[in-house]
Participant: 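Please see the structure below; I have some questions.
All heavy atoms count here, side chains included; hydrogens, waters and symmetry mates do not. Chain letters run A, B, ... following the sequence lines, proteins first, then strands; residues in each count from 1.
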There are 2 protein chains.
Amino acid sequence: MAKTTKGEQTRTRILESALELFRERGYEGTTMRAVAESAGVSLGNAYYYFASKEHLLQAYYGNIHEQHAAVAGPILEQEKELEKRLKGVLRAKLAVIEPYHRFSGLLFRTAADPKSPLNPFGEESAEARSKGIDLYRAVLDGVKLPPDIAAELPELLWTYSMGIVLFWLHDDSPGRARTHALVDGSTELVVKIIRILSNPLLRPLRKSALEMLAAIRTPPS
Amino acid sequence: MAKTTKGEQTRTRILESALELFRERGYEGTTMRAVAESAGVSLGNAYYYFASKEHLLQAYYGNIHEQHAAVAGPILEQEKELEKRLKGVLRAKLAVIEPYHRFSGLLFRTAADPKSPLNPFGEESAEARSKGIDLYRAVLDGVKLPPDIAAELPELLWTYSMGIVLFWLHDDSPGRARTHALVDGSTELVVKIIRILSNPLLRPLRKSALEMLAAIRTPPS
DNA sequence: GTCTATAACCGGATAGAC
DNA sequence: GTCTATCCGGTTATAGAC
């Protein structure tokens with residue numbers, strides 16, 4: 001019963017008002033005052049629940065991940081081949097975010113700022129990030145790989161998926177055709193490269209790559 | 001003599017005050033009021049010369065490329081080996097942008113927004129982008145490569161360099177050690193990969209990669 | 001201790017007089 | 001080309017209600 005305290009309800013009302021207004025008028029076109037009014041609360045009250053306007057966006061993108069995970073689940077249960085699993089998950093992502101293409105620029109805009117709470121590499125998104133990485137761990141589930149790569153690959157694939165999203169943001173081709181070409185082409189390549197790198201002859205190359213990854217990793221704080 | 005009209009001088013004064021304050025206090029920490037005061041003009045007058053605070057940043061962006069090209073030139077004249085050429089140019093970039101680390105996030109923030117004129121993939125930066133790509137063309141100058149890759153490589157390297165900068169933005173390790181590890185490790189890898197891909201046996205892989213690149217390329221408008 | 005409201009602050013941006 | 005006055009919206013301080 002702790003789930004629908006009055007506070008929870010108010011919080012939800014504010015968030016939903018905000019998301020609706022964002023969709024209607026875009027992010028910049030939506031004022032915190034309008035959000036508060038539309039939710040039937042005072043401005044100060046809105047700030048009691050959401051520390052900033054950006055945090056409202058963060059909730060918005062949190063939703064996206066949940067939707068993505070929900071759509072990706074069935075795909076992963078059905079497909080066994082790595083390339084299809086990866087491609088399916090990426091296509092699902094594109095489908096989920098498509099309605100928000102218009103103002104997703106805002107995501108990257110803030111995400112690229114190291115100081116923003118939305119920054120996917122920052123502390124505040126640690127949870128969202130690890131959920132995202134988990135999804136790519138699931139993609140690799142049941143795939144045979146040399147153990148040294150296997151440990152690193154989920155995070156690498158997640159990073160790769162972020163690159164795809166960045167490309168998508170800038171893609172205004174009809175039906176997002178260019179991004180789809182990128183997904184189709186790059187998943188094929190990624191899988192081929194993984195296969196090639198799995199070759200024992202290339203173990204030295206793999207090793208130096210993995211050493212680099214260790215060196216650039218953020219020390220756990 | 002058209003060069004130093006009163007207007008030009010005022011404009012320069014405002015810009016220099018701004019860049020100095022940005023370096024000292026960061027972008028967000030610098031108010032337009034402070035910029036105006038430090039330049040000895042009124043707030044409104046500052047806006048007469050620069051349409052927004054962001055436009056002040058744009059000026060910085062242009063400076064950086066010029067500095068980078070100037071520093072990179074001598075390096076390329078001296079080094080003959082691809083890995084050293086690439087590493088040298090990337091290190092030069094890091095050296096040039098280091099003083100601005102504190103507020104470069106902001107730059108990227110706007111630059112990553114597809115609607116921003118600063119966005120490096122957009123139309124308005126076409127010239128800046130092609131200059132950047134030219135620099136990596138120069139890096140490859142004199143390097144023997146299969147012609148199919150040779151055509152694509154400058155743009156790929158440029159994109160790769162943007163990735164390095166993105167990483168640097170988020171790097172708060174002492175002396176930017178992690179980014180330097182990334183540069184050292186990744187240039188080595190990049191060169192190895194280019195070598196491997198140059199192997200005639202891998203021509204099919206190369207071919208599908210190049211086909212993908214063609215498919216995702218923005219149609220010339 | 002959890003929640004809500006009002007008033008004010010601050011800084012980016014604009015209008016319009018000189 | 002320069003100024004002053006003002007707007008606007010994100011954010012904060014703070015007082016009090018439940």
Participant: Is there a side-chain polar atom (N or O) of B:T10 under 4.0 Å from OP1 or OP2 of D:dT2?
Facilitator: yes
Participant: May I have the distance from B:E37 (atom CD) to C:dC10 (atom C1'), rounded to whole angstrom?
Facilitator: 16 Å
Participant: For C:dC3, does either OP1 or OP2 sit under 4.0 Å from a side-chain N or O belonging to A:N45?
Facilitator: no
Participant: Roughly, in whole Å, what's the span from NZ in B:K53 to C1' in D:dG9?
Facilitator: 15 Å
Participant: Could you check how far CZ of B:R13 sits from C1' of D:dT2, rounded to whole Å?
Facilitator: 11 Å
Participant: Could you say whether B:L43 or B:G7 is positioned toward the 5' end of DNA chain D, judged by the nucleotide with the nearest heavy atom to each?
Facilitator: B:G7
Participant: Holding to side chain to side chain donor-acceptor pair (under 3.5 Å), I want the full list of residues that pass it with B:D184, two or more places apart in sequence or in another chain.
Facilitator: B:R91
Participant: Would one find a side-chain N or O of B:S42 under 4.0 angstrom from OP1 or OP2 of D:dC3?
Facilitator: yes
Participant: For residues 37-49 of chain A, tabulate all N or O donor-acceptor pairs below 3.5 Å that involve a side-chain atom, not counting sequence neighbours.
Facilitator:
| residue | atom | partner | partner atom | Å |
| --- | --- | --- | --- | --- |
| A:S38 | OG | A:S17 | OG | 3.4 |
| A:S42 | OG | A:N45 | N | 3.1 |

Participant: Please determine, for the side chain of A:R33, which listed nucleotide (C:dA5, C:dT2, D:dG10) has the closest atom?
Facilitator: D:dG10
Participant: Check whether any side-chain heavy atom of A:F167 lies under 4.5 Å from a side-chain heavy atom of A:R176, and answer yes or no.
Facilitator: no
Participant: Hey, does the side chain of A:Y49 come within less than 4.0 Å of C:dT4's phosphate (OP1/OP2), counting only N and O?
Facilitator: yes
Participant: Would you verify whether the NZ or CZ of A:R85 falls within 45 degrees of the ring axis of A:Y136 while also being under 6.0 Å from that six-membered ring's centre?
Facilitator: no
Participant: For A:K6 and for B:G40, locate the closest nucleotide of DNA chain D by heavy-atom distance; then report the residue assigned to the nucleotide nearer the 5' terminus.
Facilitator: B:G40
Participant: Examine C:dC3: is either OP1 or OP2 under 4.0 Å from a nitrogen or oxygen in the side chain of A:Y48? Give yes or no.
Facilitator: yes
Participant: Measure from OH on B:Y47 to P on C:dG11 and round the result to the nearest Å.
Facilitator: 12 Å
Participant: Under 4.0 Å between a Lys/Arg side-chain N and an Asp/Glu carboxylate O for A:D134 and A:K131?
Facilitator: no
Participant: Could you check which residues of residues 14-26 of chain A get a heavy atom under 4.0 Å from DNA chain C? Sort them by number, please.
Facilitator: none
Participant: Provide the closest heavy-atom pair for B:E79 versus B:K84 in the form atom of the first, atom of the second, distance.
Facilitator: OE1-CD, 3.3 Å
Participant: To the nearest angstrom, how far is B:H55 atom NE2 from C:dA13 atom C1'?
Facilitator: 13 Å
Participant: Taking CE from A:M32 and P from D:dT12, how many angstroms apart are they, rounded to a whole number?
Facilitator: 10 Å
Participant: For a 4.5 angstrom cut-off between non-hydrogen side-chain atoms, does B:L76 reach B:D141?
Facilitator: no
Participant: Rounding to a whole Å, what distance do you find between B:L56:CG and C:dG12:P?
Facilitator: 11 Å
